[in-house]
Chemist: 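Starting off with a structure, shown below.
Here the structure is a predicted model, which is why all the values come from computation and not from measurement.
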Amino acid sequence: CKCASLDLAFIVDSSESIGTTNFALAKDFIITVIDRLAKDQQVKFAGNESTLSVVQYSGSRAQEVIRLSDTTGLTEFKQAVRDLNWLAEATYTGEALEYALNNTIKRMTKENRVVLVLTDGRSDISRDDVPLSVLCGQGVQVGGLGVKDYSGRHPNQEQVGEMVCKSDPKPGFSFVLENFAELLDDTFLQNLTSRICQDKRCPDYKCPS
């Protein structure tokens, strides 16, 4: 059995508390996950097969989106990810999730829709009034990847829980990581790609009549 085709979106925190080194690791992580899914799970990323998008975000109205389309192939898409510049502003995660909903998630058509949110897990909820639960009930599986920031502060578990729709009948999943380097850890990547590929498509073996 191989992974059923899917729509996959990455939403990446590019705020000041991430730091330039960690932001580079976050970009490596995106490319590694794509390569792993293609190799280990035989996911075909192309316009009419599985789709990809990346939203990076920071403060208010500071968002940027890259989409894999018929015109940009996988090689160009990965290069566009490598070319993303660290935004280094505030952390408006709710606003970013809403931006992703309007700019990529609403275009998703596959049954298997996964959104990975990579953040140091502390959104500025006093200034960003979009609820972190904005993706709940939208037919997507949200995976929250909360990483300690460069000063070693833990992600806010309550915020991560809200983001992955913990109280929904079909909640998402979350991982909390010690540091950004752990994103490239082999065991973690295996766990993550198998979570993304929970929907399998098995070949029909029928005897010839």
Side-chain angles (χ1 to χ4, degrees), residues 1-14 18 20-57 63-87 96-97 99-101 103-120 135 140-147 163-164 172-175 177 179-201:
C1 298
K2 60 180 184 174
C3 196
S5 52
L6 77 154
D7 291 316
L8 177 62
F10 294 86
I11 303 175
V12 185
D13 185 340
S14 183
I18 299 292
T20 172
T21 310
N22 287 339
F23 187 63
L25 287 167
K27 296 193 288 184
D28 286 347
F29 161 73
I30 293 170
I31 291 164
T32 306
V33 170
I34 293 167
D35 290 344
R36 285 280 183 120
L37 288 169
K39 188 170 128 280
D40 303 348
Q41 307 277 357
Q42 290 153 6
V43 176
K44 264 204 179 88
F45 290 111
N48 57 348
E49 299 255 355
S50 292
T51 70
L52 281 170
S53 57
V54 174
V55 169
Q56 74 149 337
Y57 74 94
Q63 296 101 13
E64 186 180 357
V65 63
I66 311 169
R67 281 185 289 268
L68 177 71
S69 64
D70 299 331
T71 46
T72 53
L74 194 53
T75 312
E76 291 87 347
F77 179 86
K78 288 189 206 168
Q79 192 53 52
V81 171
R82 288 189 188 97
D83 292 343
L84 285 171
N85 289 316
W86 175 45
L87 298 173
L97 298 176
Y99 174 89
L101 179 63
N103 287 279
T104 71
I105 295 164
K106 283 186 171 165
R107 299 168 181 228
M108 292 179 169
T109 55
K110 304 279 183 289
E111 222 169 284
N112 191 13
R113 289 179 271 193
V114 181
V115 177
L116 296 179
V117 187
L118 176 59
T119 172
D120 61 8
L135 298 185
V140 293
Q141 188 183 33
V142 184
L145 310 176
V147 191
M163 208 164 63
V164 302
F173 57 89
S174 60
F175 291 95
L177 304 167
N179 53 57
F180 276 78
E182 275 191 19
L183 289 166
L184 301 171
D185 174 75
D186 192 57
T187 310
F188 165 70
L189 285 163
Q190 271 174 352
N191 287 341
L192 179 65
T193 50
S194 62
R195 285 309 289 261
I196 294 169
C197 282
Q198 273 178 330
D199 285 357
K200 296 278 192 222
R201 196 174 49 203

Chemist: Identify the two heavy atoms, one from Asn112 and one from Ile196, that lie closest to each other, and give their separation to 0.1 Å.
Modeler: ND2-O, 3.6 Å
Chemist: Is Leu97 close to Val115 at the side-chain level, that is, under 4.5 Å between some pair of heavy atoms?
Modeler: no
Chemist: So which heavy atom on Phe188 is nearest to which on Leu183, and how close?
Modeler: CD2-O, 3.5 Å
Chemist: Between Trp86 and Thr21, does the side chain to side chain contact (heavy atoms under 4.5 Å, CB included) criterion hold? Intermediate values first, please.
Modeler: CA-CA 10 Å; Trp86 175 45; Thr21 310; over 6 Å; no
Chemist: I need the Glu76 CD to Ile66 CD1 distance, nearest 0.5 Å.
Modeler: 12.5 Å
Chemist: Roughly how far apart are Ser194 OG and Leu37 CG, rounded to 0.5 Å?
Modeler: 10.0 Å
Chemist: Taking the side chain as every heavy atom from C-beta outward, state whether Ile105 and Arg113 have any atom pair closer than 4.5 Å.
Modeler: no
Chemist: Answer whether the closest heavy-atom distance between the side chains of Tyr57 and Thr119 falls below 4.5 Å.
Modeler: yes
Chemist: Measure across Gly144 and Met163 and return the closest heavy-atom pair with its distance rounded to 0.1 Å.
Modeler: CA-CE, 4.0 Å
Chemist: Do Phe23 and Leu84 have side-chain heavy atoms sitting under 4.5 Å apart?
Modeler: yes
Chemist: Step by step, work out the salt bridge (charged side-chain N to carboxylate O under 4.0 Å, His left out) result for Asp7 and Arg107.
Modeler: CA-CA 9 Å; Asp7 291 316; Arg107 299 168 181 228; over 6 Å; no
Chemist: Applying side-chain contact (heavy atoms from CB on, under 4.5 Å) between Val54 and each of Ile30, Leu8, Thr104, Ile34, report the one that passes.
Modeler: Ile30
Chemist: Heavy atoms, side chains only, cut-off 4.5 Å: are Ser50 and Lys44 in contact?
Modeler: no
Chemist: Of the non-hydrogen atoms in Ala9 and Met108, which two are nearest, and what is the gap between them?
Modeler: CB-CE, 3.6 Å
Chemist: Within the structure provided, determine whether Val12 and Lys27 are in side-chain contact (heavy-atom separation under 4.5 Å).
Modeler: no
Chemist: Is the closest side-chain heavy-atom distance between Leu184 and Asp28 below 4.5 Å?
Modeler: yes
Chemist: How far apart are the closest heavy atoms of Ser14 and Asn85, and which atoms are they?
Modeler: OG-O, 4.0 Å
Chemist: What pairs with Glu182 under side chain to side chain donor-acceptor pair (under 3.5 Å), at least two apart in sequence or on another chain?
Modeler: none
Chemist: Looking at every heavy atom in both Arg195 and Gly172, which two are closest together, and how far apart are they?
Modeler: NH2-O, 4.5 Å
Chemist: Only one of Leu25, Val147, Asn22 passes side-chain contact (heavy atoms from CB on, under 4.5 Å) with Leu118; say which it is.
Modeler: Val147
Chemist: Evaluate the side-chain proximity of Phe10 to Phe29: yes if any heavy-atom separation is below 4.5 Å, no if none is.
Modeler: yes
